[in-house]
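Residues: numbered from 1 along the sequence shown. When a ligand or atom number is given, it counts from 1 through the structure's own listing order.
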Amino acid sequence: MITVENVTKTFGGTRALTNVSLTAKPGRITGFLGPNGAGKSTAMRIICGLARPDSGTALVEGVPYAHLPNPARRVGALLDASAHHDGRTGLETLTLAAIALGIPRTRVTEVIALVGLTPKEARRRVGTYSLGMRQRLGIATALLPDPRILILDEPVNGLDPSGIRWMRDLLRHFADDGGTVLLSSHLLMEIEAVADDIIVIGNGQIVAQGAKEDLLRGS
Ligand code: ADP
Ligand code: ADP
């Protein structure tokens, strides 16, 4: 469960979030929809403890991210698919992450297979990866600790149609197992296709929030 209450965040003179409250529930895929610059990444970074709200609270399983025991093992996050070190191979990237998290190396092979990177691709340097492959590597990194919560910022960008279908299936299984998924997109079509619950943000403010059927019915 993710609960954000009355979060306001400014960067210098820019107000990125104004009184944002939202929830993402276990067993549900929550789609976070809004145009570029609406504040989605800022909200997700605050949830993951990477930015501090000016006011309000962001809680994961009832406590701020930083106060979770082993937060990096409970929450799998993909916040910037281009953040991986270009000089390392995919395999090295995941192995280092596994070591940092105290996760057995065998899990690395597992997640590589899970995201559909071939062993040969895994041995290529990330600098040679397409955006779609970077997204798969990012998902692999997020899945590494077998988390109960996934926070994915624009995970579908750069994926081809088969990659998008794969991603939807993966998120569906994750949520059906009781996991909590919060994923952002600027594409209504994408959110509509994958989400159970939808949060709409515009200009740093929540515009609408609820079950997809209710929102699309206009109630
Ligand atoms: P989205 O993820 O929906 O595209 P962001 O959260 O990235 O939106 O951005 C929301 C607003 O906050 C934008 O106006 C953006 O320029 C601003 N912003 C985000 N991060 C920073 C930062 N580190 N410094 C200054 N402004 C920022
Ligand atoms: P530091 O990052 O300096 O180590 P902490 O992360 O422990 O500090 O947090 C310092 C204070 O900020 C605490 O009172 C904590 O509850 C609050 N805090 C941290 N993250 C959040 C968050 N996401 N939402 C609300 N309050 C937070």
Trainee: May I ask you to test the Glu190-Ile164 pair for a side-chain heavy-atom distance under 4.5 Å?
Mentor: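 Side chain of Glu190 against side chain of Ile164, heavy atoms only: contact under 4.5 Å found.
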
Trainee: Look at the side chain of Lys212 and the backbone N and O of Val194, then say whether any donor-acceptor pair between them is shorter than 3.5 Å.
Mentor: no

Trainee: Give me the atom names and distance for the closest heavy-atom approach of Arg88 to Leu96.
Mentor: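 It is NE-CD1, 3.3 Å.
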
Trainee: Would you check if Leu94 and Ile112 make a side-chain contact, meaning some heavy-atom pair closer than 4.5 Å?
Mentor: yes

Trainee: Should Ile198 and Thr30 count as side-chain neighbours, where that means a heavy-atom distance under 4.5 Å?
Mentor: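 A side-chain contact is absent here, since even the closest heavy-atom pair is not under 4.5 Å.
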
Trainee: Just wondering, do Ile47 and Tyr65 contact through their side chains at under 4.5 Å, heavy atoms?
Mentor: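 Side-chain contact under 4.5 Å: no.
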
Trainee: Using a threshold of 4.0 angstrom between heavy atoms of the protein and any atom of ligand 1, which residues qualify?
Mentor: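 Those residues closer than 4.0 Å to ligand 1 by some heavy atom are Phe11, Thr14, Ala16, Pro35, Asn36, Gly37, Ala38, Gly39, Lys40, Ser41, Thr42.
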
